[in-house]
Protein chains: 2
Amino acid sequence: MRDVASRSADPKGSRNGNGAPQLDAVSLAIIEQLQQDGRRPYAAIGKAVGLSEAAVRQRVQKLLDQGVMQIVAVTDPLTVGFRRQAMVGINAEGDLDPVANALTAMPEVEYVVMTAGSFDLLAEVVCEDDDQLLDVINKRIRAIPGVRSTESFVYLKLKKQTYMWGTR
Amino acid sequence: MRDVASRSADPKGSRNGNGAPQLDAVSLAIIEQLQQDGRRPYAAIGKAVGLSEAAVRQRVQKLLDQGVMQIVAVTDPLTVGFRRQAMVGINAEGDLDPVANALTAMPEVEYVVMTAGSFDLLAEVVCEDDDQLLDVINKRIRAIPGVRSTESFVYLKLKKQTYMWGTR
DNA sequence: CGCCAGATCTGCGAAATCCGTGAACTTCGA
DNA sequence: TCGAAGTTCACGGATTTCGCAGATCTGGCG
């Protein structure tokens with residue numbers, strides 16, 4: 001059972017240009033196992049990827065410590081009481097980093113990304129009701145220094161949301 | 001240690017208008033625990049929310065079965081080898097459902113949502129390189145029947161991504 | 001080529017956790 | 001009041017996790 005990668009390279013150490021740890025095939029296989037079930041026992045994972053239980057445990061711990069992955073419960077926002085969501089496209093002037101940081105600091109903002117295109121930033125907002133959504137978008141986000149304009153896309157229906165990167 | 005909710009109501013059964021199971025305070029507290037660490041032992045969770053280990057186990061199993069939450073490993077796409085991402089705004093004619101379903105069927109599309117605003121749909125695309133991204137956006141998405149136009153926002157830098165709904 | 005240093009893997013007890021089960025308890029409606 | 005359904009608790013055995021020491025592998029250097 002030594003199948004995934006015949007004991008080749010560097011499960012963690014080296015980092016590519018982005019500062020991101022480079023993953024070998026075995027770690028990738030471990031991640032795939034945990035993407036299917038975050039609570040799968042180390043022994044079962046080891047059997048699947050061809051490693052001992054202890055080795056899997058060490059690799060998982062390292063991946064967590066490095067921040068490569070996290071094992072968490074993800075929920076359907078609607079079920080947990082958040083009934084209004086929106087994507088907000090933002091245009092700003094000057095350095096975008098302070099603006100992005102201000103967005104990041106807001107707990108209602110789930111997702112912030114700098115983009116190329118007709119928006120400088122995209123931010124996903126998760127709220128409990130319309131009042132809160134209005135407050136966040138029209139008061140708090142527009143009040144951030146440097147923000148020139150915003151455009152909102154209120155979610156009508158979420159059709160797909162996966163966490164299966166690498167499991168294709 | 002009977003703090004979160006004094007043994008009140010309906011851990012699952014009833015469903016609100018959306019068909020989503022209604023959660024009580026205890027289940028919410030359990031979810032928060034698992035959002036912090038998806039592998040936290042049931043006994044530790046029970047101590048935190050005021051329930052026995054077995055009760056926590058059964059509630060977690062039920063939440064998973066109902067699809068209210070899933071416990072999974074989430075990764076940084078860059079680390080796992082996906083170096084190009086984009087949000088794609090889409091305008092279409094006629095019924096949006098077939099278009100959304102076509103997007104959902106594409107493995108490179110991570111996220112599909114129907115929106116109100118100047119786009120009918122938003123789709124997040126995760127690719128390994130520019131070639132694949134171009135192929136997905138300009139060939140596959142634009143080829144979907146009903147799609148009238150698209151606008152792409154290539155990700156330059158991901159600033160925030162959390163999974164802490166309900167943990168505020 | 002040989003050796004060292006660092007990192008990774010394995011094997012193995014001990015402790016903790018997971019899991020199924022049956023009984024007690026609560027709620028709700030007949 | 002009684003019964004059905006749903007939840008919780010207690011408990012014992014199987015499984016898993018955890019920490020550690022020794023074996024193995026990799027890469028650099030004289």
Side-chain angles (χ1 to χ4, degrees), chain A residues 1-16 19-31 33-34 36-73 79, chain B residues 1-16 19-31 33-34 36-73 79:
Chain A
M1 192 160 302
R2 188 53 38 82
D3 25 9
V4 173
S6 33
R7 194 62 42 149
S8 54
D10 196 2
K12 67 161 180 181
S14 68
R15 289 165 177 268
N16 61 22
Q22 197 71 355
L23 302 180
D24 67 354
V26 178
S27 289
L28 226 43
I30 291 174
I31 291 175
Q33 294 287 317
L34 290 171
Q36 294 170 28
D37 176 5
R39 274 181 169 260
R40 183 162 299 170
Y42 295 132
I45 299 173
K47 203 163 298 181
V49 307
L51 232 55
S52 72
E53 175 268 338
V56 172
R57 178 155 38 93
Q58 291 171 355
R59 282 195 182 227
V60 168
Q61 191 55 53
K62 194 159 341 191
L63 291 170
L64 294 174
D65 291 341
Q66 290 175 156
V68 173
M69 73 171 179
Q70 42 185 331
I71 299 175
V72 295
T79 306
Chain B
M1 193 163 303
R2 188 53 40 82
D3 25 9
V4 172
S6 34
R7 193 62 40 139
S8 55
D10 194 5
K12 67 160 180 184
S14 67
R15 287 164 178 270
N16 61 22
Q22 198 70 353
L23 303 180
D24 67 355
V26 178
S27 289
L28 227 43
I30 292 175
I31 291 175
Q33 293 288 318
L34 289 170
Q36 294 169 27
D37 175 6
R39 274 182 169 260
R40 184 163 298 170
Y42 295 131
I45 298 173
K47 202 164 301 182
V49 307
L51 232 56
S52 72
E53 176 267 342
V56 172
R57 177 155 37 93
Q58 285 172 223
R59 287 173 90 122
V60 168
Q61 191 55 53
K62 195 161 336 190
L63 290 170
L64 295 173
D65 291 342
Q66 289 175 156
V68 173
M69 72 170 180
Q70 42 184 331
I71 300 175
V72 294
T79 307

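A, B, ... follow the sequence lines: proteins, then strands. Residue 1 opens every chain.
- Rounded to the nearest 0.5 Å, atoms CD (A/Q70) and CG (A/L64) are 9.0 Å apart.
- Of the options A/V60, A/L23, A/V49, a side-chain contact (heavy atoms from CB on, under 4.5 Å) to A/I31 is made by A/L23 and by none of the others.
- Taking atom CG on A/L51 and atom P on D/dT24, their separation rounds to 16 Å, with Å as the unit.
- Partners of B/R40 under the side-chain contact (heavy atoms from CB on, under 4.5 Å) rule, at least two apart in sequence or in another chain, are B/Q33, B/Q36, B/D37, B/A44, B/I45.
- Distance A/K62 NZ to C/dG6 P: 15 Å, rounded to the nearest Å.
- A/R59 has its CZ atom 8 Å from the P atom of C/dT8, to the nearest Å.
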Run B/L51 and B/R59 through side chain to side chain contact (heavy atoms under 4.5 Å, CB included) and show every step you take. CA-CA 10 Å; B/L51 232 56; B/R59 287 173 90 122; 3.6 Å; yes
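- Closest non-hydrogen pair, A/R39 versus B/L34, comes out as NH2-CD2, 3.7 Å.
- Distance CD (A/Q61) to C1' (C/dA7): 16 Å, rounded to an integer number of Å.
- In the helix from C/dC1-D/dG30 to C/dA30-D/dT1, the terminal helix axes, each the rotation mapping four pairs' C1' atoms onto the next four within five end pairs, subtend 30°, rounded to 10°.
- The distance from atom CD1 of B/I30 to atom CG of B/D24, rounded to the nearest 0.5 Å, is 8.0 Å.
- With a 4.5 Å cut-off on side-chain heavy atoms, B/R57 and B/E53 count as touching.
- One atom, CD1 of A/I30, and another, C1' of C/dT8, lie 12 Å apart when rounded to the nearest Å.
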Taking protein heavy atoms under 4.0 Å as touching, what does nucleotides 14-21 of chain C look like 5' to 3' if B marks base contact, S marks sugar-phosphate-only contact and - marks none? ---SSBB-
